[in-house]
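Below, each value reflects all heavy atoms present in this structure, side chains not excepted, and no hydrogens, waters or symmetry copies.
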Amino acid sequence: MKNELRKTGCIEQLAYIRQVEYLEGPAKGLRAYQVRNGALTFTVEADKCLDLAEVSYKGVNLSFLSKNGLSSGEYSRSYAYSNKSVMGGMMFTCGNDNVGPGNPGRQLPVHGSLRFTPASHTSSECYFDENGTYHMVISGEMEPDGLFEGHIHVKRTIETVYGSGKIVITDRFQNRGYVEEPFMLLYHCNFSYPFLDTCCELHIDSDQVVLREEMGTPAKLPYEKIEEPVDGGEEQVFFHQARGDKDGVVTVSVYNPSLNIRANIRYNKQVLPKLIQWKSMVSGDYALGIEPANCLVFGRAYEEEKKTLPCLNPGEEKEIRLELEFE
């Protein structure tokens, strides 16, 4: 980077983190960070769990936005039990109280409360390390619970290094309460057009793939094929038994040969043992979701009934690392 800096007046010609606030529409009042790392640009939503919204690489959009587009936490909470609260984005965090359909009677929103919990103690910094590498880091904390509820504390750090196409998300969950608490968790990573197209090649190394509606039966539908949009079509959800390397690290890749861009998602199956794939070849809702998780997507009551509800004991902590790489 040293030689590049000789050709710039300000490093922000190459890389920066900027705080912004949106002024109109469903996003009105939303605080966010805009990050530029050379060819990689992305937005982090400070008011929505520091989730990733728009992501582009070499000027090509990779992420999915539903019809309402960027939306604030306040807007999402007003539709908490409806799909109108799901704006998509490159990655949104589902949990920790629920993953799947909402349950108004139990005050369990669609895909849980974390995704529209605003971050506090937020900070951003850009710095050179001793080797001259330029780091850009955003961090913050989330407290999604309330009176007579649990006390799950979340500390999130997002880091990218100049010259890489990589975003690293590190989450530390701690049960600061005094009883066992639900710990359902799913990272909903969403690709769409123009990166996602019929030429795309999806690679998931799986021992078994089943369709959501046909639990226990190997899927007959082509989970790996990206098709043309279908007017009035239906989504498909697949459950994978993904293989990892010797350390448990799973890599899922989506490659667009026409654009010569590959997206990789990496996570450790020891902490996120489930892999769910959302395939929506629906006109107007054209998306591919890759979703590492520790539960399925049938809702809290399903996990309770099956006695498979993930929980954190009092004082227990878990650290989770998710890596998105574009090359």
Side-chain angles (χ1 to χ4, degrees), residues 64 83 86 88 91-103 108 110-112 115 182-192 196 198 200-230 232-255 263-282 285-311 320 322 324:
F64 169 72
N83 282 340
V86 181
M91 190 280 290
F92 67 92
T93 312
C94 304
N96 57 282
D97 50 355
N98 187 49
V99 171
N103 186 331
L108 297 174
V110 174
H111 279 326
R115 62 193 179 87
F183 181 55
M184 302 178 74
L185 190 61
L186 179 148
Y187 292 89
H188 212 301
C189 304
N190 310 290
F191 300 99
S192 193
L196 186 72
T198 56
C200 279
E201 302 167 7
L202 171 65
H203 179 74
I204 303 175
D205 189 10
S206 299
D207 286 320
Q208 186 182 50
V209 186
V210 300
L211 192 64
R212 176 179 57 186
E213 290 77 12
E214 301 173 359
M215 292 282 284
T217 304
K220 299 180 181 64
L221 295 175
Y223 72 87
E224 74 284 2
K225 185 174 176 56
I226 306 302
E227 294 121 346
E228 291 285 355
V230 177
E234 294 185 359
E235 66 177 3
Q236 298 164 13
V237 177
F238 299 92
F239 300 148
H240 291 260
Q241 289 183 6
R243 297 189 188 102
D245 65 15
K246 61 181 178 61
D247 297 317
V249 176
V250 175
T251 300
V252 178
S253 70
V254 186
Y255 176 56
N264 298 312
I265 297 174
R266 295 188 184 92
Y267 67 95
N268 196 306
K269 64 181 295 184
Q270 294 175 3
V271 289
L272 298 171
K274 313 286 187 185
L275 178 61
I276 297 154
Q277 175 196 350
W278 173 50
K279 179 181 169 183
S280 177
M281 305 290 94
V282 182
D285 295 298
Y286 194 67
L288 172 68
I290 304 298
E291 308 165 16
N294 68 359
C295 60
L296 295 179
V297 290
F298 297 117
R300 171 115 154 239
Y302 173 88
E303 301 289 345
E304 290 171 335
E305 181 182 347
K306 298 290 184 182
K307 301 189 185 307
T308 54
L309 180 67
C311 292
I320 296 173
L322 184 73
L324 306 176

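Under the 4.5 Å side-chain criterion, counting only non-hydrogen atoms from C-beta, I265 is not in contact with V250. Here the side chains of K279 and L202 are not in contact, with every heavy-atom distance at 4.5 Å or above. Considering only heavy atoms from C-beta on, N98 stays 4.5 Å or farther from E303 through its side chain. Side-chain contact check for C94 versus V297: every heavy-atom pair is 4.5 Å or farther apart. Counting heavy atoms from C-beta outward, H203 and Y255 have side chains that stay 4.5 Å or more apart. Using a 4.5 Å cut-off on side-chain heavy atoms (C-beta onward), E304 and P182 make no contact.
Taking NE2 of H240 as the reference point, atom CD of E291 lies at 10.0 Å (rounded to 0.5 Å). Going from atom CD of Q277 over to atom SG of C189 covers 12.5 Å, rounded to the nearest 0.5 Å. How far CD1 of I290 is from CG of L324: 11.5 Å, rounded to the nearest 0.5 Å. Atom CD1 of I226 is separated from atom CD of E201 by 11.0 Å, given to the nearest 0.5 angstrom. Going from atom CZ of F191 over to atom CG of L288 covers 7.0 Å, rounded to the nearest 0.5 Å. Here CD1 of I320 is found 6.5 Å from CG of N294. Values are rounded to the nearest 0.5 Å.
A salt bridge is defined here as a Lys NZ or Arg NE, NH1 or NH2 lying under 4.0 Å from an Asp or Glu carboxylate O, and R300 with D97 fails to meet this definition.
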Margin query: Set out, in order, the CA-CA distance, both residues' side-chain angles and the distance that settles side chain to side chain contact (heavy atoms under 4.5 Å, CB included) for R212 and F239, then state yes or no.
Written below: CA-CA 7 Å; R212 176 179 57 186; F239 300 148; 3.9 Å; yes
Next item on the list: Start with the C-alpha distance between E224 and V209, add both sets of side-chain angles, then the distance that settles side chain to side chain contact (heavy atoms under 4.5 Å, CB included), and finish with yes or no.
Entry: CA-CA 11 Å; E224 74 284 2; V209 186; over 6 Å; no
Checklist line | Candidate pair E234 and V282, rule side chain to side chain contact (heavy atoms under 4.5 Å, CB included), full reasoning | finding: CA-CA 6 Å; E234 294 185 359; V282 182; 5.6 Å; no
Notebook entry, point to check: Hey, mind stepping through D207 and R243 against side chain to side chain contact (heavy atoms under 4.5 Å, CB included) and telling me if it holds?
Noted result: CA-CA 7 Å; D207 286 320; R243 297 189 188 102; 2.5 Å; yes
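Among V210, L221, I276, the single residue meeting the side chain to side chain contact (heavy atoms under 4.5 Å, CB included) criterion with F238 is L221. Checked options L296, L108, V99; the residue passing with M184 is V99 (criterion: side chain to side chain contact (heavy atoms under 4.5 Å, CB included)).
Checking side-chain atoms of K274 against main-chain N and O of L186 turns up no donor-acceptor pair under 3.5 Å. Under the 3.5 Å distance criterion, the side-chain polar atoms of N268 are matched with a main-chain donor or acceptor of Q270. Side-chain N or O atoms of S280 include one that pairs as donor or acceptor with a backbone N or O of D285 at under 3.5 Å. In this structure, the side chain of T198 does not engage the main chain of E228 through any donor-acceptor pair within 3.5 Å. Between the side chain of N264 and the backbone N or O of T251 there is no donor-acceptor pair closer than 3.5 Å.
In this pair, H188 and H111 present their aromatic rings perpendicular. The plane angle is above 60°, beyond the 30 to 60° band.
Nearest approach of M281 to Y286, heavy atoms of both residues: SD-CE1, 3.8 Å. Residues A242 and L275 share a closest heavy-atom pair of CB-CD2, 3.9 Å. Here the closest heavy-atom approach between residue G299 and residue P101 is recorded as N-CD, 3.9 Å.
Residue E213 places its CD atom among more than 12 non-hydrogen atoms of other residues, nucleotides or ligands, all under 6.0 Å distant.
The closest side-chain donor-acceptor pair between E235 and W278 falls under 3.5 angstrom.
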